[in-house]
Amino acid sequence: MPTPTKGPRLGGSPSHERLMLANLATSLFEHGRITTTEVKAKRVRPLAEKLISKAKRGDLHNRRQIMRVIRDKDVVHKLMAEIGPFFEDRNGGYVRITKTLPRKGDNAPMAVIELVSEKTVTSEAEAARKTKFAKDQAAAAPAAAEAGTDEPAEATADEAKAEDTDAELADAEAKSEEDTDTEAPASATDEATADPAEGADADQPASKKDES
Amino acid sequence: MAVPKRKMSRSNTRSRRAQWKATPVQLVACPNRACRELKPQHVACPACGQYAGRQVVEPA
């Protein structure tokens, strides 16, 4: 069950709040960036992200689900045709809120809420080298291997980490010219691939014993 | 209903109100090296409009 919203509704009644949030989301998708109060920005973010998730799927059912909230067909088309495909390689976090100075007049805390216009670092790196990280491809296999073996995995994990630190130092020197952002995932893949490999060797005999 | 027995003197009123003090706003230097203006924390800099290296708002 989703957590109920704390505090009073925006605008006084539930229907008024729905209308206000729908209008805010429509303006956000239309302009890409809007300035509003911090409270409204925080309330509209989950709604906007859910709508973008629906737009990413892009079928008729999801279009109708979006039409329940956003009544402007031009904005719905923009959402389905431009915004959804743009966020194809980003898993959530489509919207960014940045606080700004309080409003003159009533001193209400204000914020700028905007669609994130940058691509993720990993997607840029993958586009540059035209490959995928081994971590993403081999994520399923290690999970299955580690499930059966707990104790040997811990013993080998320490050895693997010791080796990884040496390897990381070597990698860091080698890759010093590369971008720092691409370096961290690369070292993560080393750990991910090294752990299951050693764990699998120690684990397979143990699991066979259990079965016999 | 309980009611005050005596009028509150001007002295007492002013002594009470003398404790109403405003606290200074905590300000930090803008991390933008070209700016370095004092600004409230966790807020886009009003002088240069940047936050965390991104241009968020137009400078005032």
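Proteins come first, then strands; the chains are lettered A, B, ... in the order of their sequence lines, and each starts at number 1.
- Applying the 6.0 Å contact sphere to NZ of K42(A) captures no more than 12 heavy atoms from other residues, nucleotides or ligands.
- In this structure, R64(A) places its CZ atom where only 12 or fewer heavy-atom neighbours from other residues, nucleotides or ligands lie under 6.0 Å away.
- Residues of residues 86-117 of chain A lying within less than 4.5 angstrom of chain B, judged on heavy atoms, are R96(A), T98(A), K99(A), T100(A), L101(A), V112(A) in numerical order.
- Heavy-atom contacts from other residues, nucleotides or ligands closer than 6.0 Å to NZ of K40(A) number 12 or fewer.
- Applying a 4.5 Å heavy-atom cutoff, none of the residues of residues 18-33 of chain B approach chain A.
- Taking every heavy atom of both residues into account, R33(A) and Q55(B) meet most closely at NH2-O, 3.8 Å.
- Heavy atoms of other residues, nucleotides or ligands lying less than 6.0 angstrom from CZ of R57(A) number 12 at most.
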